[in-house]
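Notes follow once the structure below has been shown.
Below, chains carry the letters A, B, ... as their sequence lines are ordered, and counting in each starts from 1.
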Amino acid sequence: KPLILQALGSGEFDYIESASEVFETEFFRFIKAKAILNKLAETYPSPRKKEEVPLWFYVASNLSMRLHGVHSFNAFPLVVRSGGLLNVLGPKEAQKVTHPDTGDVTIACEGFNQKNHYDREAPCDQDFLRKLAKDTEPDALMRWFSTDVAEVFKSQRAFDKEGIFIGDASYLFVPDNPNYEGSVKLLFDDNDHPVSEEAHKKMTDEQKTRCQWRRCYKMVSLLHTNRTMDFFFFVALKVLPGNAHESPVLYEQVRQFVETVGK
DNA sequence: CTACCGTTATACTTGACTGG
DNA sequence: CCAGTCAAGTATAACGGTAG
């Protein structure tokens with residue numbers, strides 16, 4: 001702890017942070033200028049009948065959290081504070097304010113409505129993100145990603161000429177919480193491979209102790225890359241119960257991808 | 001020194017409530 | 001119906017002490 005505080009004091013932290021902020025700002029400028037963000041927001045399967053906080057802000061916030069490697073909504077205010085996300089908003093809507101006496105930097109945001117009781121540190125409450133995410137239909141979301149988002153990639157000519165695609169299925173482990181709808185508990189060995197009942201019977205006691213019941217999903221995806229593998233990105237994605245079979249899903253993904261993007 | 005264990009603090013979830 | 005607020009429940013990390 002003292003070491004980190006010392007590093008903070010000497011400004012090493014600022015360098016890292018501002019560098020990523022610059023990158024993030026560029027990123028959002030780009031997708032905004034190219035109307036990518038609008039396109040994503042227009043096609044997103046919103047569960048809302050009325051829109052107060054705009055959808056593009058929801059999409060942008062999610063992207064920002066992914067860029068920061070954060071997955072918990074309650075960390076959103078932190079992401080806002082340190083990130084380039086605010087730069088998609090004008091200086092009127094959001095600004096950094098340095099307290100004249102203490103030197104503390106806080107964020108003052110306009111917000112999209114007048115429902116707040118407290119001063120806004122972020123353009124919207126983190127619970128707005130949480131609830132919109134929770135209310136989104138999972139199937140519609142996955143369809144959206146595999147069609148509308150794939151079209152955006154196409155419009156940006158993101159696909160390599162050679163057209164190398166990889167079909168993949170992997171296990172997505174989650175905490176053992178029944179709220180993870182549609183997840184199943186399977187027995188895994190210490191290499192993260194599922195163990196069938198017959199295989200488990202044949203095991204020695206020593207092997208058996210290394211097995212663990214774990215709650216999981218199966219994630220079936222279609223990845224795009226080039227020959228030198230400079231990049232990977234998802235063009236289709238579906239999350240299924242962990243014991244589902246991937247083949248039919250993958251074939252459907254390929255079919256749908258060819259249908260929306262073309263050959 | 002380190003492996004272990006119980007305690008405490010903090011981070012994260014969750015659902016319910018409120019006022020517009 | 002919507003987003004902001006609250007309070008209570010869990011999970012996880014940090015801490016401190018102790019035995020080997």
Residue pair A:His68 / A:Leu78, side-chain heavy-atom distance below 4.5 Å = no

Check whether the side chains of A:Ser146 and A:Gln253 place a donor and an acceptor atom closer than 3.5 Å, and report yes or no.
-> no

In whole Å, what is the span from the CZ atom of A:Phe112 to the C1' atom of B:dG20?
-> 18 Å

Measure the shortest side-chain to side-chain distance between A:Glu52 and A:Lys115 over non-hydrogen atoms and say whether it is less than 4.5 angstrom.
-> yes

In whole angstroms, how far is the P atom of C:dT5 from the CG atom of A:Asp127?
-> 9 Å

Between C:dG4, B:dG15, C:dT12, which nucleotide has the shortest distance from any of its atoms to the side chain of A:Pro175?
-> C:dT12

Have a look at A:Asp125 and say if it touches a base, only the backbone sugar-phosphate, or nothing, with a 4.0 Å heavy-atom cut-off.
-> base

Rounded interatomic separation in angstrom, taking CD from A:Glu52 and C1' from C:dG4 | 10 Å

Proximity to the side chain of A:Tyr118 - top-ranked nucleotide from C:dC6, B:dG15, C:dG4 | C:dC6

Across the strands shown, which category fits A:Arg130 at heavy-atom distances under 4.0 angstrom: base, sugar-phosphate, nothing?
-> base

Would you mind reading off the distance between A:Phe128 atom CZ and C:dC6 atom C1', rounded to a whole angstrom?
-> 20 Å

Under 4.0 Å: is that the gap between some side-chain N or O of A:Asn179 and OP1 or OP2 of B:dT14?
-> yes

Any idea how A:Phe153 and A:Phe159 line up, ring-wise: parallel (<30°), tilted (30 to 60°), or perpendicular (>60°)?
-> perpendicular

Would you mind reading off the distance between A:Asn177 atom CG and C:dA11 atom P, rounded to a whole angstrom?
-> 7 Å

Quick one: the side chain of A:Lys131 and the base of B:dG15, do they pair up donor-acceptor inside 3.5 Å?
-> no

C:dC2 C1' sits how many Å from A:Gln114 CD, rounded?
-> 15 Å

Do the side-chain N or O atoms of A:Asn74 get closer than 4.0 angstrom to the phosphate oxygens (OP1, OP2) of B:dC12?
-> yes

Side-chain donor or acceptor of A:Lys49 under 3.5 Å from a matching atom on the base of C:dC2?
-> no

